[in-house]
Amino acid sequence: MEFTHNIAILGSTGSIGTQTLAVAREYKGIGVKAITAHSNIKLMEEQIREFKPELAAVTDEEKAKELKIRVADTGTKVTGGSEGLLEAASHHSAETVVTAVVGISGLEPTIEAIKAKKNIALANKETLVTGGHIVTALAKRYKTTILPVDSEHSAIFQSLMGNHRKELKRILLTASGGPFFGKKKSELTNITPEDALKHPNWHMGAKVTIDSSTLVNKGLEIIEAKWLFDVDIDKIKVLVHRQSIIHSMVEFVDNGIIAQLGAPDMRLPIQFALTYPNRLPMKGNELDFSALSGLTFDEPDTETFYALELAKKAGRDGGTLPTVFNGADEAAVDLFLKGRLPYLGITEAIQRAMETVGSTEEPTLEEILEADKAAKETVYNYYN
């Protein structure tokens with residue numbers, strides 16, 4: 001089938017960004033018009049030479065200068081700093097913006113993209129966690145579509161297709177359980193970053209992998225689902241599904257349940273977000289049911305992995321509390337990866353920040369960014 005669509009990728013050198021480019025490589029009709037990265041200019045140069053984007057933005061301004069020299073023989077414009085990120089997000093040639101940057105840094109460019117009437121392929125969950133009320137209101141105002149790229153939210157979106165939202169009873173959000181499923185706190189006292197980065201099913205960036213191990217990632221996904229599907233936090237139930245075959249389910253008022261299944265391959269939700277409402281063929285990710293030993297489901301251990309309950313509280317209370325939850329986690333994971341915070345200290349740091357930093361109702365963008373800064377400073381100051 002002939003298919004053409006122009007995109008911009010914010011975070012082209014990360015896990016989601018490179019897999020998005022793999023989809024674009026398979027379907028030549030997907031034109032990559034703008035890409036961004038923080039500092040990996042070696043990979044970015046390779047991407048520029050292969051995909052020939054009109055714009056490449058590097059937030060590290062010194063690295064941007066270096067890249068500009070390296071690709072001077074191409075037709076790609078190179079910009080630097082946060083302004084370049086915003087320019088890529090609103091690039092005139094792109095129809096859809098894939099937001100694959102990590103952390104709250106995805107919020108402002110997503111807002112810029114929506115104002116430029118771009119559709120959003122959302123892989124940056126922090127955008128809705130911190131600014132859900134702003135982003136969803138802007139999407140309605142500018143008549144843009146937000147299509148989820150997270151495998152779980154894509155599964156929910158697909159399971160809801162053709163059904164009335166008012167008939168939704170609850171969302172069953174699946175979690176792999178990460179590398180430490182079944183372990184108690186006493187067994188997690190000497191966990192190293194190398195231990196936490198060994199995810200059993202998915203190949204992701206370091207931040208998301210650590211968040212998966214603490215169930216912080218699932219907590220962020222609960223809040224994201226609240227905004228994406230306009231549901232109460234208490235209508236979202238987490239189930240640990242170790243095989244990562246059922247990506248999530250939707251239960252309706254008649255107790256019927258619809259699930260989306262597939263191999264643990266992020267290319268599927270990425271491609272679906274880029275080609276919706278069409279489905280295009282994909283190579284190499286077929287699911288062989290005869291090879292499956294079984295599908296299991298367990299309740300999450302919220303005593304050991306209590307970040308999940310902290311996320312629910314943040315989602316229920318709203319205001320800037322979800323921003324504090326997220327900002328404290330970003331700082332805590334940074335310290336853990338640098339060997340300056342024990343593994344169990346990640347969730348402790350989140351709780352400390354939530355109890356210390358005040359919350360503002362219906363915050364503006366500036367107040368969200370202030371809350372993020374306060375949460376991070378609280379964690380860095382206490383543990384340094």
Side-chain angles (χ1 to χ4, degrees), residues 1 16 19 23 119-123 125 128-129 132 136 139 145-177 181 201-202 212 215 217-282 284-300 308 311-312 315:
M1 139 181 212
I16 295 296
Q19 290 179 86
V23 172
N119 290 323
I120 307 298
L122 186 67
K125 57 182 65 68
L128 291 181
V129 168
T136 53
T145 302
I146 300 176
L147 291 165
V149 168
D150 270 347
S151 63
E152 296 86 351
H153 298 91
S154 178
I156 296 162
F157 181 85
Q158 293 178 61
S159 298
L160 283 168
M161 289 171 64
N163 295 287
H164 297 294
R165 297 290 178 95
K166 65 181 181 181
E167 295 171 350
L168 184 150
K169 181 179 179 181
R170 62 178 177 168
I171 287 170
L172 301 172
L173 187 69
T174 58
S176 70
F181 174 72
N201 300 333
W202 296 94
S212 178
L215 292 194
N217 191 54
K218 206 52 51 178
L220 295 172
E221 288 178 3
I222 289 173
I223 302 171
E224 182 183 10
K226 165 191 170 180
W227 291 108
L228 274 173
F229 307 110
D230 191 23
V231 295
D232 293 336
I233 291 291
D234 294 317
K235 286 189 175 183
I236 305 169
K237 178 177 176 59
V238 172
L239 285 173
V240 177
H241 171 53
R242 296 293 283 162
Q243 297 79 21
S244 297
I245 298 299
I246 295 178
H247 296 293
S248 276
M249 301 173 274
V250 172
E251 184 176 8
F252 294 93
V253 291
D254 60 359
N255 298 326
I257 296 173
I258 294 179
Q260 186 265 326
L261 289 73
D265 183 346
M266 281 303 300
R267 291 179 305 151
L268 194 154
I270 292 168
Q271 180 171 300
F272 185 76
L274 297 184
T275 63
Y276 174 81
N278 302 302
R279 288 186 182 271
L280 274 59
M282 180 175 285
N285 71 335
E286 295 88 353
L287 183 61
D288 183 358
F289 279 91
S290 64
L292 297 177
S293 58
L295 302 177
T296 61
F297 303 92
D298 295 277
E299 294 284 342
L308 199 59
K312 288 180 182 178

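Quick caveat, the model's predicted, so the values are computed rather than measured.
Between Val238 and the choices Ile222, Leu215, Leu172, Ile171, the side-chain contact (heavy atoms from CB on, under 4.5 Å) rule is met once, by Ile222.
Closest non-hydrogen pair, Leu128 versus Trp227, comes out as O-CD1, 3.2 Å. Across all non-hydrogen atoms, the minimal contact from Thr136 to Gly132 is OG1-O, 2.6 Å. Nearest heavy atom pair, residue Val240 against residue Pro300, reads CG2-CA, 3.8 Å. Closest non-hydrogen pair, Leu173 versus Glu152, comes out as CD1-CB, 3.6 Å. When all heavy atoms are compared, the tightest approach of Ala263 to Asn285 is CB-O, 3.6 Å. When all heavy atoms of Lys218 and Ala175 are compared, the pair lying nearest together is CE-CB, 3.4 Å.
Asp265 contributes a side-chain N or O that, together with a main-chain N or O of Arg267, makes up a donor-acceptor pair within less than 3.5 Å. Not one N or O on the side chain of Ser154 forms a donor-acceptor pair closer than 3.5 Å with the backbone of Val149. No donor-acceptor pair closer than 3.5 Å links the side chain of His153 to the backbone N or O of Leu228. Proximity of a side-chain donor or acceptor of Asp254 to a complementary backbone N or O of Gly256 within less than 3.5 Å is detected.
With values rounded to the nearest 0.5 angstrom, Leu160 atom CG is found 6.5 Å from Phe229 atom CZ. Going from atom OG of Ser151 over to atom CE of Met266 covers 5.5 Å, rounded to the nearest 0.5 Å. A distance of 9.0 Å separates CZ of Arg170 from CE of Met249, quoted to the nearest 0.5 Å. Atom CZ of Arg242 is separated from atom OG of Ser176 by 6.0 Å, given to the nearest 0.5 angstrom. Residue Asn217 holds its CG atom at 4.5 Å from CD of Glu221, rounded to the nearest 0.5 Å. For the atom pair CG of Leu261 and CD1 of Ile245, the computed distance is 7.5 Å after rounding to the nearest 0.5 Å.
Using a 4.0 Å cut-off between charged side-chain N and carboxylate O, Asp150 and Lys125 make a salt bridge. Salt-bridge formation is not detected for the pair Glu251/Lys235: no Lys NZ or Arg NE/NH1/NH2 atom is positioned less than 4.0 Å from an Asp or Glu carboxylate oxygen.
At least one side-chain heavy atom of Leu168 sits under 4.5 Å from a side-chain heavy atom of Val250. Between Leu147 and Phe272 the shortest side-chain heavy-atom distance does not fall below 4.5 Å. At a threshold of 4.5 Å between non-hydrogen side-chain atoms, the residues Ser248 and Thr174 count as touching. With contacts defined as side-chain heavy-atom distances shorter than 4.5 Å, the pair Leu280/Leu274 does not qualify. In this structure, the side chains of Ile246 and Phe297 come closer than 4.5 Å at one or more pairs of heavy atoms. With contacts defined as side-chain heavy-atom distances shorter than 4.5 Å, the pair His247/Leu268 does not qualify.
One side chain, Gln243 or Thr296, offers a donor N or O that lies under 3.5 Å from an acceptor on the other.
Annotation: Asp230, atom CG; neighbour count of heavy atoms from other residues, nucleotides and ligands within 6.0 Å does not exceed 12.
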Check step by step if side-chain contact (heavy atoms from CB on, under 4.5 Å) holds for Lys226 and Lys312.
-> CA-CA 10 Å; Lys226 165 191 170 180; Lys312 288 180 182 178; over 6 Å; no
Between Arg279 and Gln158, is a side-chain contact (heavy atoms from CB on, under 4.5 Å) present by the stated rule, with each step listed?
-> CA-CA 11 Å; Arg279 288 186 182 271; Gln158 293 178 61; 2.7 Å; yes
